[in-house]
Amino acid sequence: MSMHKQTVLLFLSSLVLALSLIMRLEPVYAQANRSNGGDVVCPASGSSIQVINNRSSRYSYVINNTSGLDIRIGLIASGIPALTSSNSILIKGGQPYSDSSPGGYSGRIVCASSTAATATISFMETYR
């Protein structure tokens, strides 16, 4: 190999090494390639219904309270308990709620209306 080719290869190798040291290396998350979504009718207060099942490969989810009523969202492992201020969060009518990776919640989510009437919500989750 000629001296000129060796010099060019050495220069290109040095350039690649220098650029890789300059660039910040951040954690890379794979793209979510599946989704699940729909509408759920949250029962009147005193009971609840599952909105999203637990999924360890979940990347994100959004719950949109499309009703004009306040609802409660609970991060409940099992059962259909009455949702209260001690085991759930209140979402106002028209308000969304979302979470995403890294560090997003991958457990089961349930909902209930905060009144004696049912309330409809929509949800969407992405996962791998």
Side-chain angles (χ1 to χ4, degrees):
M1 191 175 342
S2 72
M3 183 68 162
H4 178 66
K5 285 183 181 178
Q6 288 178 347
T7 305
V8 169
L9 284 176
L10 181 61
F11 173 75
L12 289 176
S13 299
S14 300
L15 182 64
V16 168
L17 178 63
L19 288 176
S20 67
L21 292 174
I22 292 171
M23 294 184 329
R24 287 178 35 131
L25 300 177
E26 298 289 332
V28 177
Y29 295 95
Q31 293 290 323
N33 59 3
R34 295 186 180 145
S35 63
N36 177 33
D39 294 334
V40 174
V41 177
C42 300
S45 61
S47 184
S48 60
I49 189 170
Q50 178 176 295
V51 178
I52 304 173
N53 198 8
N54 60 333
R55 187 184 309 272
S56 62
S57 60
R58 181 180 302 140
Y59 281 101
S60 65
Y61 68 89
V62 63
I63 296 172
N64 192 12
N65 184 359
T66 55
S67 73
L69 303 172
D70 294 351
I71 63 164
R72 290 203 164 276
I73 296 294
L75 311 177
I76 308 292
S78 64
I80 50 170
L83 298 180
T84 64
S85 59
S86 63
N87 67 357
S88 64
I89 58 170
L90 183 68
I91 298 180
K92 296 291 196 179
Q95 180 182 1
Y97 179 80
S98 63
D99 197 3
S100 62
S101 291
Y105 180 70
S106 61
R108 184 171 172 265
I109 302 169
V110 298
C111 75
S113 173
S114 64
T115 67
T118 61
T120 301
I121 64 169
S122 61
F123 74 95
M124 173 67 76
E125 74 170 327
T126 59
Y127 59 97
R128 179 173 41 130

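The salt bridge (Lys or Arg N to Asp or Glu O under 4.0 Å) analysis of residues 64-73, with sequence neighbours excluded, yields the pairs D70-K92.
Using a 4.5 Å cut-off between side-chain heavy atoms of Ile, Leu, Val, Met, Phe, Trp and Tyr, with links allowed through other members, Y105 and I76 fall into different hydrophobic clusters. Follow the hydrophobic side-chain contacts under 4.5 Å out from L69 and you never reach L90; the two are in separate clusters.
The closest donor-acceptor contact from the side chain of N87 to the backbone of A82 lies under 3.5 Å. Not a single donor-acceptor pair under 3.5 Å links the side chain of S47 to the backbone N or O of P43. Remark: side-chain polar atoms of N64 are not paired, donor with acceptor, to backbone N or O of S122 under 3.5 angstrom. R58 places no side-chain N or O within donor-acceptor distance of the main-chain N or O of S100, the cut-off being under 3.5 Å. T115 places a side-chain N or O within 3.5 Å of a backbone atom of A117 that can act as its donor or acceptor partner. Under a 3.5 Å cut-off, the side chain of S48 and the backbone N or O of P81 do form a donor-acceptor pair. Proximity of a side-chain donor or acceptor of R128 to a complementary backbone N or O of Y59 within less than 3.5 Å is not detected.
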*Start with the C-alpha gap between Y97 and V62, add the side-chain angles, then the distance that decides, and say whether side chain to side chain contact (heavy atoms under 4.5 Å, CB included) holds.*
CA-CA 6 Å; Y97 179 80; V62 63; over 6 Å; no
*asked:* Test side chain to side chain contact (heavy atoms under 4.5 Å, CB included) on S98 and I63; report intermediate values, then the result.
replied: CA-CA 6 Å; S98 63; I63 296 172; over 6 Å; no
_Is there a side chain to side chain contact (heavy atoms under 4.5 Å, CB included) between S60 and D99? Walk through the geometry before answering._
CA-CA 6 Å; S60 65; D99 197 3; over 6 Å; no
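Under the side-chain contact (heavy atoms from CB on, under 4.5 Å) test applied with I71, the options L83, T118, V40, I91 reduce to a single match, I91. Each of V51, I73, I109 was evaluated against F123; a single residue qualifies, V51, per the side-chain contact (heavy atoms from CB on, under 4.5 Å) test.
Between atom SG of residue C111 and atom CD1 of residue I89 there is a gap of 11.5 Å, rounded to the nearest 0.5 Å. Note that OH of Y61 and OG1 of T126 are 11.5 Å apart. Values are rounded to the nearest 0.5 Å.
The heavy-atom pair separating C42 from S113 by the smallest distance is CB-N, 3.8 Å. Closest of all the heavy-atom pairs between S56 and S106 is CA-CB, 4.2 Å.
Looking only at atom types and distance, the side chain of E125 has a donor-acceptor partner in the side chain of N36 under 3.5 Å away. There is no side-chain donor-acceptor pair under 3.5 Å between T66 and T120.
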